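Below is one structure, written out as structure tokens; the observations come after it.
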Amino acid sequence: MSSLFGNFFANWDRYRKSIEDPGYRDYENMWAMAIDLGSCIGCNACSTACYAENNLATVGEDRFLARQSMGWMRVERYWDEPSLGASDPDSQERGGSFLPMMCQQCNAAPCEPVCPVGATYNNEGGLNAQIYNRCIGSRYCANNCPYRVRYFNFYSYDKDAWPAPLNRQLNPDISVRDKGVMEKCTFCIQRIRAAKDDAAREGRALRDGDVTTACQQTCPTQAIVFGDLQDPESRVRKAWDAHQVRLGTTEQKKTNPALRGYRVFEELNTESCVIYLERVRDTDV
Amino acid sequence: MPPPTMRRKKIPWLPIIMVLGAIGAVLVIGAQYTDRGLRDAAPRAKGANVAGAITPTDTFKGDLIVQPIAFSHKIHAKDNGINCLYCHTYARRSKVAGIPPTSKCMGCHTVIATDKPEIIKLTKMWENRTPPLWKKINDLPDFVHFSHEKHLRRFLFDNAGQPVERADQVCAMCHGDVKNMTVDVKSKPLTMGFCTRCHEANKGPSSCTACHK
């Protein structure tokens, strides 16, 4: 009983601390991203790189249309042309807007408390980790995710997604998931683990730039910045600070309205770790 | 109207159910927060004698797997005192310990014990360029990230009390007493419980993602 209350008070203390100092202290790292939508050209290279890095199954057109796609990262397109739904013709924008959407690695993740088996949890790097061996495929997490970035493995893709020579290109650092588990973006946790191992071998702390996610590595316009928010010198922390985006708030208080950073569904208090730098529009609006 | 003595006494069911429910909830939720399940975790008896480490004691009886050449660990590691890391040289710098290439066998066996039947077999394989297809004894599932290098660093190279010459004691923590085996069999379970008990006792990482991938 004492440990019950001890645990409760420890968690409460941690919760209070996180409100008073919206910071990053109880974690070893706080992995985060900053995505510049002004640079994003919607080429889907990030999505393709994710397929290659994380052993994602290509499901084919039929299953894709049945909303059973397995890509952990998708580029959402928004068209502002009046014929496609934008009501005010004066505010129309030429072409489309793109928004790369992957798991936002929420610190207060809505997917976590609903998991009946605790297969998803917040790990020491501030990541929303998914343990495939524990997952029983209840899909509650996907229902509770406001970003719709959890993907259910409906078929045994390990049998048919990589016919004979293609199975040789699978990444050995990440498991091939079988039917019946939920999958999601991990911020390339295998690369984080490898970088940590390398740093430990050389007896130094992890440096900014040691970890590069697959999407960041392949982005032709370098719209994606990835790093550790706890490191005040990291590029991602500078991007967050420059646009006055902080963890631990539901509404960013910006002194300058020209600053662009925002987090998707910030008002839901999911504490997501991905900020988007809004596109600069060349219209009057 | 019945007489007052016949009237059944009203039992306050609702408060009773509420109180019982509250007690049950506290028990159920409290059980999740106690560390009762972990108390038996520390290994009880002593296993391999590694300085500054609590070594696992679990045992496992693996099947005897016939290898292409009847290689004896006892002759090499015990009788002749060859360090494990001499042949399994990748263990100190990579995830896998590695099987030595045939050239490493031939480094000694061009001159040593060349008249033994198994060595004649080996020499023939070496000359025909068909290396022996060793069968794997200790295998971990593909979803596990395990690094020999990190464990050797923790228990051998960064462990002040453990001489590097006694690497076999560190290897024996997970591989059993290979030194006294003529043919290696799996003698430790290498299950998740086996790993986590040792991690708890020796304060290894307990995060799921440290090992699961």
Side-chain angles (χ1 to χ4, degrees), chain A residues 1-11 27-29 31 53-55 105 112 115 117-135 158 167 170-178 181 183 186-194 196-203, chain B residues 22-39 41 90-96 98 136 139-160 190-196 199-200 203-213:
Chain A
M1 198 55 82
S2 66
S3 69
L4 164 64
F5 286 115
N7 217 316
F8 175 76
F9 285 125
N11 288 341
Y27 295 94
E28 282 178 22
N29 310 96
W31 300 109
E53 170 72 20
N54 290 309
N55 299 340
Q105 310 290 354
E112 283 170 15
C115 181
V117 291
T120 176
Y121 78 111
N122 222 290
N123 82 348
E124 72 284 353
L127 296 178
N128 175 234
Q130 174 81 12
I131 307 301
Y132 305 119
N133 302 78
R134 269 192 186 170
C135 180
D158 57 327
N167 56 4
L170 289 173
N171 184 357
D173 290 335
I174 185 163
S175 55
V176 178
R177 282 79 54 190
D178 205 346
V181 298
E183 316 181 354
T186 61
F187 271 5
C188 287
I189 195 168
Q190 67 278 13
R191 294 186 176 206
I192 294 173
R193 199 188 288 125
K196 275 187 169 177
D197 285 0
D198 287 347
R201 192 180 300 124
E202 293 164 22
Chain B
I23 292 171
V26 165
L27 287 179
V28 167
I29 297 169
Q32 298 173 7
Y33 282 88
T34 58
D35 55 356
R36 193 163 45 84
L38 306 180
R39 231 165 253 158
Y90 309 110
R92 63 168 168 262
R93 57 176 191 239
S94 94
K95 286 202 268 189
V96 293
K136 199 163 186 181
D139 197 10
L140 286 176
D142 284 347
F143 52 77
V144 176
H145 166 85
F146 174 83
S147 171
H148 276 91
E149 180 244 336
K150 286 177 95 168
H151 287 82
L152 277 186
R153 193 146 30 84
R154 160 69 179 82
F155 290 114
L156 187 64
F157 299 120
D158 287 358
N159 189 359
L190 303 185
T191 54
M192 183 170 151
F194 178 79
C195 295
T196 48
H199 271 234
E200 276 162 19
K203 304 205 166 40
S206 58
S207 171
C208 310
T209 48
C211 306
H212 281 279
K213 64 186 186 184

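Just so it is clear, the structure is predicted and the values come from calculations on it, not from any experiment. Within every chain, numbering begins at 1; the chains are lettered A, B, ... in the order of the sequence lines, protein sequences first and strands thereafter.
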* To do: Would you give the length of the straight line joining atom CZ of A:Arg201 to atom CD of B:Glu149, rounded to the nearest 0.5 angstrom?
  => 4.0 Å
* For B:Asp158, does the CG atom sit with more than 12 other heavy atoms under 6.0 Å from it, leaving out its own atoms? -> yes
* **Within 6.0 angstrom of B:Phe146 CZ, more than 12 heavy atoms from elsewhere** => yes
* **Under 3.5 Å donor-acceptor, A:Tyr121 side chain and B:Cys208 backbone** => yes
* Taking every heavy-atom pair that is under 4.5 Å apart, which of A:Gln190, A:Arg193, A:Glu124, A:Arg134 has the most such pairs with chain B? -> A:Arg193
* Asked: Between the main-chain N or O of A:Ile189 and the side-chain N or O of B:Lys213, is there a donor-acceptor pair closer than 3.5 Å?
  -> no
* When A:Asp197 is tested against each of B:Arg153, B:Lys150, B:Arg93 for salt bridge (charged side-chain N to carboxylate O under 4.0 Å, His left out), which residue passes? -> B:Lys150
* Pair A:Asp173 + B:Lys95, salt bridge at N-O below 4.0 Å -> yes
* Asked: What part of B:His212 lies closer than 4.5 angstrom to a heavy atom of chain A: side chain, backbone, both or neither?
  -> both
